[in-house]
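Working notes, structure below.
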Number of protein chains: 2
Amino acid sequence: MTQRGRPRSFDRQTALRQAMQVFWALGYEGATLNELQEAMGGIAPPSFYAAFGSKEELFREAVELYSRTLGAPMMKALEEGPTARDSIQALLVAAVEAFCKPGLPRGCFLVSGAFNSVPANKNVDDHVRGLRVRRQKAIQQRLQRGVEEGELPKNLDPAATAVFYTTVIDGLAIQARDGVSRKALNFAVDCAMAAWDPVVHETDLRKPRMLANRRE
Amino acid sequence: MTQRGRPRSFDRQTALRQAMQVFWALGYEGATLNELQEAMGGIAPPSFYAAFGSKEELFREAVELYSRTLGAPMMKALEEGPTARDSIQALLVAAVEAFCKPGLPRGCFLVSGAFNSVPANKNVDDHVRGLRVRRQKAIQQRLQRGVEEGELPKNLDPAATAVFYTTVIDGLAIQARDGVSRKALNFAVDCAMAAWDPVVHETDLRKPRMLANRRE
DNA sequence: GGTATTATGTAGCGAGCTCTAAAGAATTAA
DNA sequence: TTAATTCTTTAGAGCTCGCTACATAATACC
């Protein structure tokens with residue numbers, strides 16, 4: 001059973017990739033349908049809506065595409081490192097890599113794409129915030145694994161430590177967006193990793209036990 | 001010569017404070033004139049424009065108010081610390097303080113207020129970006145002073161090191177916005193300061209010399 | 001009181017936004 | 001060839017946005 005009806009005049013995947021870059025560069029609200037349609041090959045509104053449903057659905061697809069492509073190396077680095085330290089370091093290096101890729105917008109889609117949107121777009125905001133939180137939880141779990149495998153001290157607080165490295169990642173996203181050079185960002189990664197030994201082993205950093213609870 | 005004409009029915013300073021909080025919480029674009037006027041005591045558009053000129057002018061006044069009040073302790077801490085280390089630490093602590101103040105929006109005005117706005121509001125975006133950069137330059141100058149006073153090694157790179165601590169501040173702003181507890185943020189500050197000694201004294205972190213140049 | 005001055009209240013303009021209705025064009029199935 | 005299906009083109013509806021025109025109300029100066 002082949003495709004019936006008039007064939008589409010543009011490639012859906014290509015159009016989605018273009019849309020992702022527009023969302024990434026301009027944010028959900030900054031990316032108007034005009035600009036999106038322009039970047040997607042000059043398609044007209046009905047074609048757009050027939051193919052993607054709505055601006056919000058397109059954005060969610062773009063987020064997923066970002067995670068599958070640009071975001072994947074970060075998670076891969078985090079999970080496949082031989083030690084917790086290697087994993088975190090590789091994660092940060094991969095983050096700088098993703099945030100500074102030539103030919104793509106600077107910064108992190110999960111920050112630039114939607115942060116502090118208008119109340120009408122709270123759905124979109126919460127969606128990417130959820131993914132930022134998931135990234136933090138992944139770091140936390142990697143640290144937890146390090147504790148369970150005996151690599152890290154039992155009294156290390158994986159949640160609080162994950163907050164620190166998430167802070168660095170989010171900060172790198174903004175710095176990259178603000179135009180800081182890749183070299184300077186990699187130096188910042190080195191700085192963050194220089195904290196590893198004190199953070200992991202110095203006891204006075206871990207007492208009292210700091211839970212990464214929210215809202216006090 | 002006293003005030004002629006019909007007197008204003010609202011207090012300008014109070015209205016500005018309210019507006020600052022709306023901008024802080026919702027961002028420049030998220031804060032519609034409706035919401036601003038509502039928060040400013042239910043004033044009508046002509047009163048609004050007579051008093052503040054335009055939405056953008058009001059925003060700039062709000063930014064200045066933020067810097068004068070919430071932002072001042074950060075710069076004060078940075079400049080008045082007896083050592084560079086004390087200054088940076090106090091800056092980070094003051095940042096967490098400002099980003100988590102009860103009764104005020106969470107996060108940093110200079111990040112939440114305008115980041116990745118629509119192209120039409122690029123002016124506003126650039127304005128707060130400029131202030132973020134200025135904050136980074138202030139850190140850089142404090143480190144430079146530490147070098148000149150002999151507290152820090154001569155081969156320390158103030159620009160690159162300032163990028164690291166700016167990264168932490170920007171990251172804290174996002175984390176605070178995402179609801180992370182003040183305790184967890186303070187722990188992240190401890191982590192960042194745990195990197196101080198290695199960053200300042202370990203030579204392999206400083207070779208090759210990393211300039212905080214922009215765009216590669 | 002009369003007048004100039006300044007603020008307020010009501011109403012609405014023009015622009016831009018997301019999204020849709022209706023008719024025509026290109027393809028497959030019968 | 002005809003019908004069914006699917007996309008494209010053109011036009012614009014409905015909404016919200018920042019902002020303003022105009023008449024009215026409240027104050028200070030003379």
Side-chain angles (χ1 to χ4, degrees), chain A residues 1-16 19 22-23 25-62 113-114 116-125 127, chain B residues 1-16 18-19 22-23 26-62 113-114 116-125 127:
Chain A
M1 176 140 85
T2 60
Q3 182 87 320
R4 304 234 326 208
R6 179 173 178 170
R8 201 173 263 137
S9 67
F10 61 95
D11 181 56
R12 197 179 185 282
Q13 275 305 313
T14 306
L16 176 58
V22 174
F23 279 132
L26 304 176
Y28 179 73
E29 319 195 300
T32 66
L33 287 189
N34 260 341
E35 281 160 314
L36 286 167
Q37 291 159 7
E38 194 70 22
M40 294 162 93
I43 67 178
S47 301
F48 175 91
Y49 285 94
F52 297 102
S54 72
K55 185 184 181 183
E56 181 171 342
E57 288 177 62
L58 172 65
F59 181 79
R60 295 182 124 90
E61 277 199 61
N116 215 24
S117 304
V118 309
N121 296 326
K122 190 171 178 302
N123 284 344
V124 170
D125 235 65
H127 183 58
Chain B
M1 178 139 90
T2 59
Q3 182 87 322
R4 303 229 334 202
R6 178 172 177 170
R8 200 172 264 139
S9 68
F10 61 96
D11 180 57
R12 198 179 184 283
Q13 275 304 314
T14 306
L16 177 58
Q18 299 299 321
V22 175
F23 279 132
L26 304 178
Y28 179 72
E29 318 195 301
T32 66
L33 287 188
N34 261 341
E35 281 160 313
L36 286 167
Q37 291 159 6
E38 192 70 22
M40 294 163 92
I43 67 178
S47 302
F48 174 91
Y49 285 95
F52 297 101
S54 71
K55 186 185 180 183
E56 181 171 342
E57 288 178 61
L58 172 63
F59 181 79
R60 294 181 124 90
E61 275 200 61
N116 215 24
S117 304
V118 309
N121 297 325
K122 190 170 179 303
N123 282 344
V124 170
D125 235 64
H127 184 58

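These values consider heavy atoms only, across backbone and side chains, with no hydrogens, waters or symmetry-generated copies. Naming convention: chains lettered A, B, ... in sequence-line order (proteins, then strands); numbering from 1 in each chain.
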List in chain and number order the residues that pass salt bridge (Lys or Arg N to Asp or Glu O under 4.0 Å) with [X], two or more places apart in sequence or in another chain; answer none if no residue qualifies.
{"X": "E56(A)", "result": "R60(A)"}
{"X": "R6(A)", "result": "none"}
{"X": "E61(A)", "result": "R12(A)"}

Next on the checklist: Quick one, D125(B) and Y28(B) - any side-chain contact, counting heavy atoms below 4.5 Å?
Outcome noted: no

Rounded to whole Å, please give me the gap between [atom1] in [X] and [atom2] in [N].
{"X": "F10(A)", "N": "dC7(D)", "atom1": "CZ", "atom2": "P", "result": "9 Å"}
{"X": "N121(A)", "N": "dC17(C)", "atom1": "CG", "atom2": "P", "result": "14 Å"}
{"X": "Y28(B)", "N": "dC17(D)", "atom1": "OH", "atom2": "C1'", "result": "11 Å"}
{"X": "N34(B)", "N": "dC15(D)", "atom1": "CG", "atom2": "P", "result": "16 Å"}
{"X": "L26(B)", "N": "dC17(D)", "atom1": "CG", "atom2": "C1'", "result": "15 Å"}
{"X": "R6(B)", "N": "dT27(D)", "atom1": "CZ", "atom2": "C1'", "result": "9 Å"}
{"X": "R12(A)", "N": "dC7(D)", "atom1": "CZ", "atom2": "P", "result": "11 Å"}
{"X": "L33(B)", "N": "dG9(C)", "atom1": "CG", "atom2": "C1'", "result": "17 Å"}

Checklist entry - Nearest of dT8(D), dA28(D), dA26(C) to any side-chain atom of R4(B)? => result dA28(D)

Next on the checklist: For G5(B) and S9(B), find the nucleotide of DNA chain C closest to each by heavy atoms; which residue's nucleotide sits nearer the 5' end?
Outcome noted: G5(B)

Checklist entry - Can you list, by residue number, the residues of residues 40-61 of chain B that have a non-hydrogen atom closer than 4.0 angstrom to DNA chain D? => result P45(B), P46(B), Y49(B), S54(B), K55(B)

Checklist entry - Taking only residues two or more places apart in sequence or in another chain, which ones pass side-chain hydrogen bond (donor to acceptor under 3.5 Å, both in side chains) with E35(A)? => result T32(A)

Next on the checklist: List the residues meeting side-chain hydrogen bond (donor to acceptor under 3.5 Å, both in side chains) with D11(B), not counting sequence neighbours, and say none if there are none.
Outcome noted: T14(B)

